[in-house]
Amino acid sequence: MTRNFLFLLGSSRGDGNTELLARRAAEQLPPGTTRRWLSLAEHPLPDFEDLRHDSDHVRPSEGPAALLLDATLAATDLIIASPLYWYSVSAHTKRYLDHWSGWLRTPGADFRRTMAGRTLWGVTALAHAEEEVAEPLVGTLNHAAAYMGMRFGGVLLGNGSRPGDVLADSAAMARAKAFFAQEPPLARFPYED
């Protein structure tokens with residue numbers, strides 16, 4: 001299968017540090033690699049309504065939910081580019097992940113089986129010197145990938161608060177050059193080790 005990278009930007013601000021870091025990593029992808037960029041702020045999903053015990057699920061046919069479902073299903077590599085907000089993913093990102101619960105029951109999507117074996121990656125910028133504070137975000141993405149049977153490429157971390165600060169994080173810029181070159185393992189829950 002030809003690789004198709006979908007970059008989902010979870011920031012409420014365009015061209016922020018997380019997006020800059022994701023774009024730097026994307027520059028290293030081989031020429032001709034399909035790259036699609038979607039801002040979750042520009043394609044807002046409604047609050048998720050848990051209808052898993054109802055029977056009349058329908059596939060969205062228009063609007064942000066249809067766009068994001070179709071783009072997600074088409075991706076071989078899904079990159080969640082979310083700034084670290086209160087030690088986890090942004091509200092836009094969390095709402096998108098919440099919609100996965102509905103997509104699991106969407107007729108014709110076969111969401112879990114389609115996503116199994118594909119790769120989930122993360123990119124985040126944080127304004128904290130100790131990267132351990134990003135563990136809740138890393139755990140959220142790893143556990144989502146594990147539940148779906150996906151591979152997990154880890155999270156590319158960069159430091160920056162003011163717009164553009166991450167470009168001065170030389171360690172993050174070096175990690176960005178090789179981030180997508182790795183062969184990610186299947187995601188596992190911590191209790192599976």
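No hydrogens, no waters, no symmetry mates; every other heavy atom, side chains included, goes into these values.
- Salt-bridge annotation for Arg23 and Asp15: absent, with no side-chain N of the basic residue lying under 4.0 Å from a carboxylate O of the acidic one.
- No donor-acceptor distance shorter than 3.5 angstrom exists from the side chain of Ser88 to the backbone of Leu84, with no hydrogens or angles considered.
- Between Asp77 and Arg118 no salt bridge is recorded (no basic side-chain N to carboxylate O distance below 4.0 Å).
- Scanning all heavy atoms of the two residues, the minimum distance from Ser12 to Ala41 falls at CA-CB, 4.5 Å.
- Under the 4.5 Å side-chain heavy-atom criterion for Ile, Leu, Val, Met, Phe, Trp and Tyr, Trp37 and Leu21 are members of the same hydrophobic cluster.
- In terms of modelled atom types and a separation under 3.5 Å, the side chain of His143 and the main chain of Val138 share no donor-acceptor contact.
- In this structure the side chain of Thr119 never reaches within 4.5 angstrom of the side chain of Thr76, judged on heavy atoms.
- Taken to the nearest 0.5 Å, the NE2 atom of His43 stands 12.5 Å off from the OH atom of Tyr96.
- At least one side-chain heavy atom of Arg112 sits less than 4.5 Å from a side-chain heavy atom of Tyr147.
- Judged purely by atom type and a 3.5 angstrom limit, Gln28 has no side-chain atom pairing as donor or acceptor with the backbone of Phe179.
- Of the possible polar contacts, one joining the Glu192 side chain to the Phe189 backbone as a donor-acceptor pair under 3.5 Å is found.
- A donor-acceptor distance shorter than 3.5 angstrom exists from the side chain of Arg151 to the backbone of Pro184, with no hydrogens or angles considered.
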side-chain contact (heavy atoms from CB on, under 4.5 Å) for Thr72 and Met115? Distances and angles first, verdict last. CA-CA 8 Å; Thr72 301; Met115 298 309 291; 3.8 Å; yes
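- Between Leu68 and Leu40, the closest side-chain pair of non-hydrogen atoms falls below 4.5 Å.
- The two atoms that bring Pro107 and Arg59 nearest to each other are O-CB, 4.0 Å, heavy atoms only.
- Under the 3.5 Å distance criterion, the side-chain polar atoms of Ser82 are matched with a main-chain donor or acceptor of Ser90.
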Show your reasoning for whether side-chain contact (heavy atoms from CB on, under 4.5 Å) applies to Ile80 and Val123. CA-CA 6 Å; Ile80 301 290; Val123 178; over 6 Å; no
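- For the residue pair Thr93 and Tyr85, no side-chain donor N or O sits within less than 3.5 Å of a side-chain acceptor on the partner.
- Arg24 CZ to Leu167 CG: the interatomic distance, rounded to the nearest 0.5 Å, is 5.5 Å.
- Using a cutoff of 4.0 Å between basic side-chain nitrogens and carboxylate oxygens, Arg162 and Asp165 are not scored as salt-bridged.
- Classification of the Phe7-Phe5 ring pair by plane angle, with boundaries at 30° and 60°, yields parallel.
- At a threshold of 4.5 Å between non-hydrogen side-chain atoms, the residues Met148 and Trp100 count as touching.
- Leu137 and Leu120 end up in the same hydrophobic cluster when Ile, Leu, Val, Met, Phe, Trp and Tyr side chains are linked at under 4.5 Å.
- Between Val166 and the options Asn17, Thr18, Leu157, Leu126, a side chain to side chain contact (heavy atoms under 4.5 Å, CB included) holds for only Asn17.
- To the nearest 0.5 Å, atoms NE2 (His99) and CG (Leu45) are separated by 4.5 Å.
- Ionic pairing of Arg13 and Glu42 is not present here: no N-O contact between side-chain nitrogen and carboxylate oxygen is shorter than 4.0 angstrom.
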Report the C-alpha separation of Arg175 and Glu131 in whole Å, then their side-chain angles, then the decisive distance to 0.1 Å, and conclude whether the salt bridge (Lys or Arg N to Asp or Glu O under 4.0 Å) test is met. CA-CA 14 Å; Arg175 288 190 300 266; Glu131 294 179 345; 3.5 Å; yes
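- Pairing each heavy atom of Ala66 with each of Ser61, the nearest pair is CB-C, 3.6 Å.
- The two residues Ala75 and Leu6 make their nearest non-hydrogen contact at CB-CB, 3.7 Å.
- A donor-acceptor distance shorter than 3.5 angstrom exists from the side chain of Arg35 to the backbone of Ala26, with no hydrogens or angles considered.
- Inter-residue side-chain proximity for Leu156 and Thr124 is flagged as unmet; no heavy-atom pair is nearer than 4.5 Å.
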Evaluate the side-chain contact (heavy atoms from CB on, under 4.5 Å) criterion for residues Val155 and Trp121: first the C-alpha distance (whole Å), next the side-chain angles of each, then the deciding distance (0.1 Å), finally the verdict. CA-CA 6 Å; Val155 177; Trp121 309 81; over 6 Å; no
Under the criterion side-chain contact (heavy atoms from CB on, under 4.5 Å), I'd like the reasoning laid out for Asp47 against Arg95: C-alpha separation, chi angles, the key distance, then a yes or no. CA-CA 7 Å; Asp47 285 338; Arg95 186 174 293 119; 3.1 Å; yes
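- Minimum interatomic distance between His92 and Ser11 (heavy atoms only, all atoms of both residues): CD2-O, 4.0 Å.
- Residues Leu104 and Leu78 fall within the same hydrophobic cluster, defined by Ile, Leu, Val, Met, Phe, Trp and Tyr side chains chained together at heavy-atom separations under 4.5 Å.
- Contact annotation: the side chain of Phe152 never approaches that of Pro185 to less than 4.5 Å [non-hydrogen atoms, C-beta and beyond].
- Hydrophobic cluster membership differs between Phe48 and Phe111, with clusters built from Ile, Leu, Val, Met, Phe, Trp and Tyr side chains linked at under 4.5 angstrom.
- If you chain together hydrophobic residues whose side chains sit under 4.5 Å apart, Leu8 and Leu73 fall into the same group.
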